[in-house]
Amino acid sequence: MTHRNRLGANIDHVATIRQARGERYPDPVFAASIAELAGADQITCHIRGDRRHIIDADLPRLRDAVQTQLNVEMAATQEMCDLVIPILAAHPHRHRITLVPEREGEVTTEGGLDVITNQDLIRNVVQKISENKIYVSLFIDPDPLQINASVIKGIDMIEINTARYCEGHDEELQRIKDAAQQAQNLGFEVAAGHGLTHHNLPPLVSMVPEIIEYNIGHSIIARSIFVGLDKAVRDILAIIRA
Ligand code: PXP
């Protein structure tokens with residue numbers, strides 16, 4: 001089956017610049033619209049416990065402005081469920097929540113979820129999300145045991161953590177490939193993300209056609225400073241749809 005790879009443009013770091021000055025600009029909602037106009041298939045944002053980029057008030061604004069799909073990454077906590085689920089539930093567009101681990105003080109997400117150790121918690125949170133008609137994805141390391149443990153009713157997608165590959169561990173490509181095939185065989189759609197750039201994407205795209213969605217943030221926003229957001233998004237799209 002042929003497919004057109006999807007890009008989830010993560011606009012968190014537009015909000016990082018805004019929060020650095022406690023200003024109202026630059027506005028991540030504006031960035032979301034530019035990314036969509038350039039061809040992004042999804043807008044991804046991550047609401048963190050410390051609100052260092054996306055803040056609560058951004059979520060309903062993004063939900064209303066995004067014309068494609070909004071993918072909100074969050075920790076599987078009561079606080080995040082109470083905040084995010086009511087905003088995305090009962091909206092005419094069916095949006096997505098991606099569950100990610102979060103450690104206080106981390107610079108960025110440090111790894112995939114430990115679904116094996118946290119089965120009951122994750123099952124409960126997935127049920128709450130999916131009964132509100134929101135798609136659910138889990139952010140998982142390319143680890144066969146974690147992927148097997150992710151067979152939980154309500155989950156339609158696994159996002160494979162590409163961080164180790166992007167740190168220069170080329171042998172990770174094979175692990176990602178195996179994990180993507182395993183996830184696909186288990187009936188999941190397969191996404192990938194973390195640390196992806198226009199340099200490290202081409203080998204991944206050609207070697208792992210099982211991946212149908214890429215969530216990319218830091219490199220797009222960083223490049224946009226020099227080439228503009230429209231071009232930064234289009235350049236990445238040209239690679240993932242090659
Ligand atoms: N996917 C997930 C689950 C993430 O947590 C992040 C970082 O917020 C990304 C993708 C994007 O990573 P990057 O900003 O390195 O492209």
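Both counts, for ligands and for their atoms, begin at 1 and track the order of listing.
N200 places a side-chain N or O within 3.5 Å of a backbone atom of T197 that can act as its donor or acceptor partner.
When hydrophobic side chains of Ile, Leu, Val, Met, Phe, Trp and Tyr are connected at separations under 4.5 Å, Y135 ends up as a singleton with no cluster partners.
At the top of the distance list for atom 11 (C) of ligand 1, counting protein heavy atoms only, stands N215 O, 3.9 Å. Remark: minimum distance from atom 15 (O) of ligand 1 to any protein heavy atom is reached at G195 N, 2.8 Å. Scanning the protein for heavy atoms near atom 9 (C) of ligand 1, the closest one is E73 OE2, 3.9 Å. Atom 16 (O) of ligand 1 has its closest protein heavy atom at G217 N, 2.8 Å. Nearest to atom 12 (O) of ligand 1 among the protein's heavy atoms is H194 CA, 3.5 Å. Of the protein's non-hydrogen atoms, the one nearest atom 10 (C) of ligand 1 is E159 OE2, 3.4 Å.
The aromatic rings of H93 and H95 lie parallel to each other, their planes meeting at an angle below 30°, with 60° marking the opposite boundary.
Atoms of ligand 1 lying under 4.0 Å from at least one heavy atom of I216, given by number and element, are 16 (O). Counting the atoms of ligand 1 from 1 in the order shown, those under 4.0 Å from a heavy atom of V100 are 3 (C).
Counting heavy-atom neighbours within 6.0 Å of D120 CG, excluding the residue itself, gives a total of 12 or less.
Contacts between H218 and ligand 1 below 4.0 angstrom, taking non-hydrogen atoms only, involve backbone and side chain alike.
Side-chain contact check for Q181 and E210: at least one donor-acceptor pair (N or O, by modelled atom type) lies under 3.5 Å.
You'll find the side chain of V136 stays beyond 4.5 Å of the side chain of T98, heavy atoms only.
By the salt bridge (Lys or Arg N to Asp or Glu O under 4.0 Å) test, K128 is found to be paired with no residue, residues two or more places apart in sequence or in another chain being considered.
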